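Heads up: the structure comes next, in structure tokens.
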Amino acid sequence: MLLIINGEALAVPLVKDSRDLGVDPVSERFIGILDGVPCYGVEAGGGEAPAGGSWHGLRSLYGRIDGLTHKIAMRAIHLLEWEKNEHYCGRCGSETVNKAEVIAKECPRCGHTVFPRISPAVIVLVQKEGKVLLARATRFAERMYSVLAGFVEPGESLEETVMREIEEEVGIKVKNIRYFGSQPWPFPDSLMIAFTADYESGEIAIDGVEIEEAAWFDPDQLPRIPGRISVARKLIDWFVEARMKKPAAGAVVEKSYGPDE
């Protein structure tokens with residue numbers, strides 16, 4: 001959750017000390033320098049927001065605060081979560097300290113150094129004869145469909161991950177795998193690497209564990225799809241524009257993802 005100061009435009013409070021807002025910090029982390037000014041992310045202890053402010057989920061703020069602020073907030077969430085998880089050395093159990101000059105945690109006892117964790121994951125739009133493959137994951141909100149995604153395993157190339165994930169989750173093979181773009185996704189520490197691919201062979205056969213339903217959809221008859229914050233939505237919008245040269249009629253757009261992490 002992000003503290004927002006309410007006014008004519010939503011804004012993030014800029015203060016030298018979070019205590020000036022009446023917020024008790026649990027932890028803080030240097031997140032970088034903006035216009036020559038060092039910036040820190042602060043994890044608050046919870047409770048009521050200070051006067052004039054309110055707590056908001058970061059996903060729900062997309063498009064409501066300026067893009068740079070949203071990007072910085074995503075970085076802060078990623079680093080604060082990492083800070084919390086790396087308080088002790090995973091090798092010897094000693095308390096870690098911040099390493100000088102770089103964003104890393106160092107163990108003063110054994111010298112083990114840990115950098116912020118980034119977990120690469122692929123996300124793939126598969127198309128076949130003018131239709132797009134969309135699926136419902138078991139973790140999705142009601143009636144939500146999206147493109148398929150999965151984490152990269154050790155020893156895999158990104159393209160191998162694409163082929164494995166698609167075949168594991170829906171039973172088909174793909175070809176013509178092409179890079180589309182990427183997006184940091186700090187919930188908690190992913191880097192989403194987006195691809196497009198063409199159907200090659202096979203019939204849809206869901207795994208029944210991660211995926212509970214999947215089907216081919218026409219661009220003008222899309223189900224409920226993710227909001228614009230996600231690269232999944234950018235993939236779907238690209239597909240629709242390429243096929244129709246106009247927004248999809250009748251598509252129900254998901255405005256909220258529910259409670260933020």
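Small disclaimer: the values here were computed from a predicted structure and weren't measured.
When atom types are taken as modelled, the side chain of Thr69 and the backbone of Ala11 share no donor-acceptor pair closer than 3.5 angstrom. A donor-acceptor pair under 3.5 Å is absent between the side-chain atoms of Arg143 and the main chain of Arg224, judged by distance alone. Between the side chain of Asp218 and the backbone N or O of Asp220, no donor-acceptor pair lies under 3.5 Å. Checking side-chain atoms of His70 against main-chain N and O of Leu58 turns up a donor-acceptor pair under 3.5 Å. Trp185 places no side-chain N or O within 3.5 Å of a backbone atom of Ser230 that could act as its donor or acceptor partner. A donor-acceptor pair under 3.5 Å is formed between the side chain of Arg136 and the backbone N or O of Met144. Between the side chain of Ser190 and the backbone N or O of Pro186, no donor-acceptor pair lies under 3.5 Å.
Phe30 meets the ring-ring contact (aromatic ring centres under 6.0 Å, His included) test with Tyr40; sequence neighbours excluded. Looking at residues two or more places apart in sequence or on another chain, you find a salt bridge (Lys or Arg N to Asp or Glu O under 4.0 Å) between Arg178 and Asp198. The ring-ring contact (aromatic ring centres under 6.0 Å, His included) test applied to Phe151 returns no partner, not counting sequence neighbours. Residues meeting the ring-ring contact (aromatic ring centres under 6.0 Å, His included) test with Phe140, sequence neighbours left out: none. By the salt bridge (Lys or Arg N to Asp or Glu O under 4.0 Å) test, Glu200 pairs with no residue at all, sequence neighbours left out. With sequence neighbours left out, Glu81 forms a side chain to side chain donor-acceptor pair (under 3.5 Å) with no residue at all. Considering only residues two or more places apart in sequence or on other chains, Asp17 meets the salt bridge (Lys or Arg N to Asp or Glu O under 4.0 Å) condition with Arg19.
Between Val240 and Leu222 the shortest side-chain heavy-atom distance falls below 4.5 Å. Between Lys131 and Phe217 there is no side-chain heavy-atom pair separated by less than 4.5 Å. A heavy-atom distance below 4.5 Å is not found between the side chains of Lys84 and Val26. Residues Glu241 and Asp237 fail the side-chain proximity criterion, which asks for heavy atoms closer than 4.5 Å. You'll find the side chain of Pro13 stays beyond 4.5 Å of the side chain of Asp20, heavy atoms only. Side-chain contact between Ser27 and Leu80 is present, with at least one heavy-atom pair separated by less than 4.5 Å.
Summarising the geometry, atom CD1 belonging to Ile4 is positioned 5.0 Å from atom CG belonging to Leu61; distances are rounded to the nearest 0.5 Å. Atom CD of Glu43 sits about 10.5 Å away from atom CD1 of Ile77, to the nearest 0.5 Å. Between Glu86 atom CD and Cys107 atom SG the span is 11.5 Å, to the nearest 0.5 Å. The line from NE2 of His112 to OG1 of Thr96 is 10.0 Å long, rounded to the nearest 0.5 Å. Leu134 CG to Ser146 OG: the interatomic distance, rounded to the nearest 0.5 Å, is 7.0 Å.
The cluster map of Ile, Leu, Val, Met, Phe, Trp and Tyr, joined by side-chain heavy atoms under 4.5 Å apart, puts Ile5 and Val12 in different clusters. Leu79 and Val42 sit in two unconnected hydrophobic clusters of ILVMFWY residues. Membership requires side-chain heavy atoms under 4.5 Å apart, directly or through other members. Linking ILVMFWY residues whenever their side-chain heavy atoms come closer than 4.5 Å, directly or via other members, places Val132 and Phe180 in the same cluster. In terms of hydrophobic clustering, with Ile, Leu, Val, Met, Phe, Trp and Tyr side chains grouped at heavy-atom distances under 4.5 Å, Val37 and Ile72 are assigned to different clusters. No continuous path of hydrophobic side-chain contacts links Trp82 to Met192 [ILVMFWY only; heavy atoms under 4.5 Å].
Environment of NZ in Lys173: sparse, with no more than 12 heavy atoms of neighbouring residues, nucleotides or ligands closer than 6.0 Å.
Other residues sharing the hydrophobic cluster of Tyr179, ordered by chain and number and joined by side-chain separations under 4.5 Å: Ile118, Val122, Val124, Val126, Leu133, Leu148, Val152, Leu158, Val162, Met163, Ile166, Val170, Ile172, Val174, Ile177, Leu191, Ile193, Phe195, Tyr199, Ile204, Ile206, Ile211, Trp216.
Scanning both residues, Tyr62 and Lys234, for their nearest heavy atoms gives OH-NZ, 3.9 Å. In this structure, Ala194 and Leu235 approach most closely via the heavy-atom pair CB-CD1, 3.9 Å. The two residues Cys110 and Arg91 have their closest heavy-atom pair at SG-CD, 3.9 Å. The shortest non-hydrogen separation linking Ala232 to Val147 is CB-CG2, 3.9 Å. Of all heavy-atom pairs spanning Gly41 and Ala76, the tightest one is CA-CB, 4.3 Å. Residues Phe239 and Pro219 share a closest heavy-atom pair of CE2-CB, 3.8 Å.
Residue pairs that meet the side-chain hydrogen bond (donor to acceptor under 3.5 Å, both in side chains) test with at least one member in residues 100-110, sequence neighbours left out, are Glu83-Lys105, Asn98-Lys105, Lys99-Glu106. The salt bridge (charged side-chain N to carboxylate O under 4.0 Å, His left out) pairs that include a residue from residues 154-165 are Glu153-Arg164, Glu156-Arg164, Arg164-Glu168, where partners are two or more places apart or lie in different chains. Note on residues 111-124: pairs passing salt bridge (charged side-chain N to carboxylate O under 4.0 Å, His left out), not counting sequence neighbours, are Arg117-Asp189. The list of salt bridge (charged side-chain N to carboxylate O under 4.0 Å, His left out) pairs with a residue in residues 60-71, not counting sequence neighbours, is empty.
For Glu212 and Thr138, the side-chain atoms include no donor-acceptor pair closer than 3.5 Å.
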